[in-house]
There are 2 protein chains.
Amino acid sequence: MSTLGLKLRELREQAGLSLRKAAMRTDIDVSILSKMERGERKFSKELVLKLAELYKANADKLVIDFLSEKVLYELEDEDFGLEALKVAEKQLKYKKDKDKK
Amino acid sequence: MSTLGLKLRELREQAGLSLRKAAMRTDIDVSILSKMERGERKFSKELVLKLAELYKANADKLVIDFLSEKVLYELEDEDFGLEALKVAEKQLKYKKDKDKK
DNA sequence: TATGTGTTGACTATTTTTGTCAAAGGTAAT
DNA sequence: ATTACCTTTGACAAAAATAGTCAACACATA
């Protein structure tokens, strides 16, 4: 289910770190990290950033995944999720344009 | 700021209902409806549906606006909001496709 | 003055999220 | 079989976010 969790688990393994060690290094309880990697709990943005640094991975991409997952969570079981995303996108683009001035 | 709030306020006025009456008919406190219309508090989906019915308005469109606003709220101040939306969209499309089978 | 309008803020209750902890079960090595 | 790791689980408490209640205010108008 959780793409972000899977990715972060793979990155951790590639970095040769155990759950315990990764948890310690990022000041978080092991059990929580375990749950997060398996999608049982949501990541926080701060933790994603910490882990990205620890694993020397691309933080931006991970944050994008994090946000995307957050958004999808809000839309689960919604009939008009896709339409809502499109409206949101339009508004965000408009806002970005306006802010540029 | 709040498009949904503005829309619902306009719809209420077009329906010739006062805040108090609309609130009573939807079983909600007046103060909350007032705040919601002005974007000071978030709408709930249930309330949006109730109001749509009361105002005889297109519920689907209002729900889409509601969801879109919810999503944008999550992404405010995020540098990669737009990118996140695109990723979310892609995944949602994929999921929808898969569920079809 | 009396009635109807919308707004505000203080407060409580409830729900959700987050964090802590102890223990279980697995594997591997010695 | 005990030691030393690993990950997972669940129970619980703390904290934060959300939702709901209520009384009063300011304004307009009949």
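Throughout, protein chains are lettered first and strands after them, A, B, ... in sequence-line order, and every chain is numbered starting at 1.
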Could you tell me whether the side chain of A/Leu62 reaches within less than 4.5 Å of the side chain of A/Leu49, counting heavy atoms only?
-> no

Along nucleotides 5-22 of chain C, 5' to 3', which nucleotides get a B, which get an S, and which get a -, given that the test is a protein heavy-atom distance under 4.0 Å?
-> BBBBB-------SBBBB-

Under 3.5 Å, which donor-acceptor pairs link side chains of residues 11-18 of chain A to any protein atom two or more places apart or in another chain?
from    : atom 1 : to      : atom 2 : distance (Å)
A/Arg12 : NE     : A/Glu37 : OE2    : 2.8
A/Arg12 : NH1    : A/Leu17 : O      : 3.0
A/Arg12 : NH2    : A/Glu37 : OE1    : 3.0
A/Ser18 : OG     : A/Arg20 : N      : 3.4
A/Ser18 : OG     : A/Lys21 : N      : 3.1

Roughly how far, to the nearest 0.5 Å, is the NZ atom of A/Lys35 from the CD atom of A/Glu40?
-> 6.0 Å

Protein N or O to nucleotides 27-30 of chain C N or O, pairs below 3.5 Å:
none

Tabulated below should be each protein N or O lying under 3.5 Å from an N or O of nucleotides 26-30 of chain D; please produce it.
none

Once you round it to whole Å, what is the distance between P of D/dG20 and CG of B/Leu33?
-> 12 Å

Could you pull out all residues at least two apart from B/Glu10 that satisfy salt bridge (charged side-chain N to carboxylate O under 4.0 Å, His left out)?
-> none

Hey, are the side chains of A/Val71 and A/Leu75 touching, using non-hydrogen atoms and a 4.5 Å cut-off?
-> yes

So do B/Leu8 and B/Met36 actually touch side chain to side chain, heavy atoms under 4.5 Å?
-> no

Using the C1' atoms of the five pairs at each end, what is the angle between the end axes of the helix from C/dT1-D/dA30 to C/dT30-D/dA1, to 10°?
-> 10°

Taking only residues two or more places apart in sequence or in another chain, which ones pass side-chain contact (heavy atoms from CB on, under 4.5 Å) with B/Glu46?
-> B/Ser44

Hey, does B/Lys7 have a side-chain heavy atom less than 4.5 Å from the side chain of B/Thr3?
-> yes

Counterpart residues, salt bridge (charged side-chain N to carboxylate O under 4.0 Å, His left out), relative to A/Glu74 (two or more places apart) | B/Lys70

Review item, side-chain donor-acceptor pairs of residues 76-89 of chain B, under 3.5 Å, at least two apart:
from    : atom 1 : to      : atom 2 : distance (Å)
B/Glu78 : OE1    : A/Lys45 : NZ     : 3.1
B/Glu78 : OE2    : A/Lys45 : NZ     : 3.4

List the atom pairs, with distances to 0.1 Å, where a side-chain N or O of residues 50-60 of chain B and a protein N or O form a donor-acceptor pair under 3.5 Å, not counting sequence neighbours.
from    : atom 1 : to      : atom 2 : distance (Å)
B/Lys50 : NZ     : B/Thr26 : O      : 3.3
B/Asn58 : OD1    : B/Asp60 : N      : 3.0
B/Asn58 : OD1    : B/Lys61 : N      : 3.1

Once you round to the nearest 0.5 Å, how far does CG of B/Leu33 lie from CD1 of B/Ile28?
-> 6.0 Å

